[in-house]
Amino acid sequence: MRVFKSTVVFERELAMFLGCHIKTAKKYYQLMRDHYQKEAHGLLSLEEVASYYQLPVEVLQTFEQ
């Protein structure tokens, strides 16, 4: 099953990708939002997450759990 189903990344998907608890993923999500200067309720795109972790977008698109 693919983890990232759309171009928007949610905290639960990030938790599955990082292999961590949802609370930890929320903290990492907030760090990324701060990095990209987004508001507290802003969403991250797949491209932003890939860029943050310095990975090609294709790696995230094909990541399966």
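Just so it is clear, the values below take in all heavy atoms, side chains as well, and ignore hydrogens, waters and symmetry mates.
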Work out which heavy atom in [X] is nearest to a heavy atom in [Y]; give both atom names and the distance.
{"X": "Glu39", "Y": "His41", "answer": "OE1-CE1, 2.5 Å"}
{"X": "Phe63", "Y": "Met16", "answer": "CE2-O, 4.1 Å"}
{"X": "Phe4", "Y": "Val9", "answer": "CE2-CG1, 3.8 Å"}
{"X": "Leu18", "Y": "Tyr28", "answer": "CD1-CD1, 3.7 Å"}
{"X": "Tyr52", "Y": "Leu31", "answer": "OH-CB, 4.2 Å"}
{"X": "Glu13", "Y": "Val8", "answer": "OE1-O, 3.4 Å"}

Quick one: does any side-chain atom of [X] pair with a main-chain N or O of [Y] as donor and acceptor, under 3.5 Å?
{"X": "Arg2", "Y": "Thr62", "value": "no"}
{"X": "Tyr36", "Y": "Glu48", "value": "yes"}
{"X": "Gln37", "Y": "Asp34", "value": "no"}

Flag yes if Phe17 and Ile22 sit in one hydrophobic cluster, no otherwise; membership is Ile, Leu, Val, Met, Phe, Trp, Tyr, and two members link when side-chain heavy atoms are under 4.5 Å apart.
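No, Phe17 does not connect to Ile22 through the hydrophobic network.
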
Please identify each residue that fulfils side chain to side chain contact (heavy atoms under 4.5 Å, CB included) with Gln54, with sequence neighbours left out.
none

Between Leu43 and Arg33, is a side-chain contact (heavy atoms from CB on, under 4.5 Å) present by the stated rule, with each step listed?
CA-CA 8 Å; Leu43 297 174; Arg33 275 195 297 235; 5.8 Å; no

Using 0.5 Å steps for rounding, measure from the CE atom of Met32 to the CG atom of Leu14.
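Rounded to the nearest 0.5 Å, the CE-CG separation comes to 4.5 Å.
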
NZ on Lys27 to CD on Gln30, rounded to 0.5 Å
12.0 Å

With side-chain contact (heavy atoms from CB on, under 4.5 Å) as the criterion, how do Tyr53 and Val59 come out once you've worked through the C-alpha distance, each side chain's angles and the decisive distance to 0.1 Å?
CA-CA 11 Å; Tyr53 287 110; Val59 170; over 6 Å; no

Does NZ in Lys38 sit with more than 12 non-hydrogen atoms of other residues, nucleotides or ligands closer than 6.0 Å?
yes

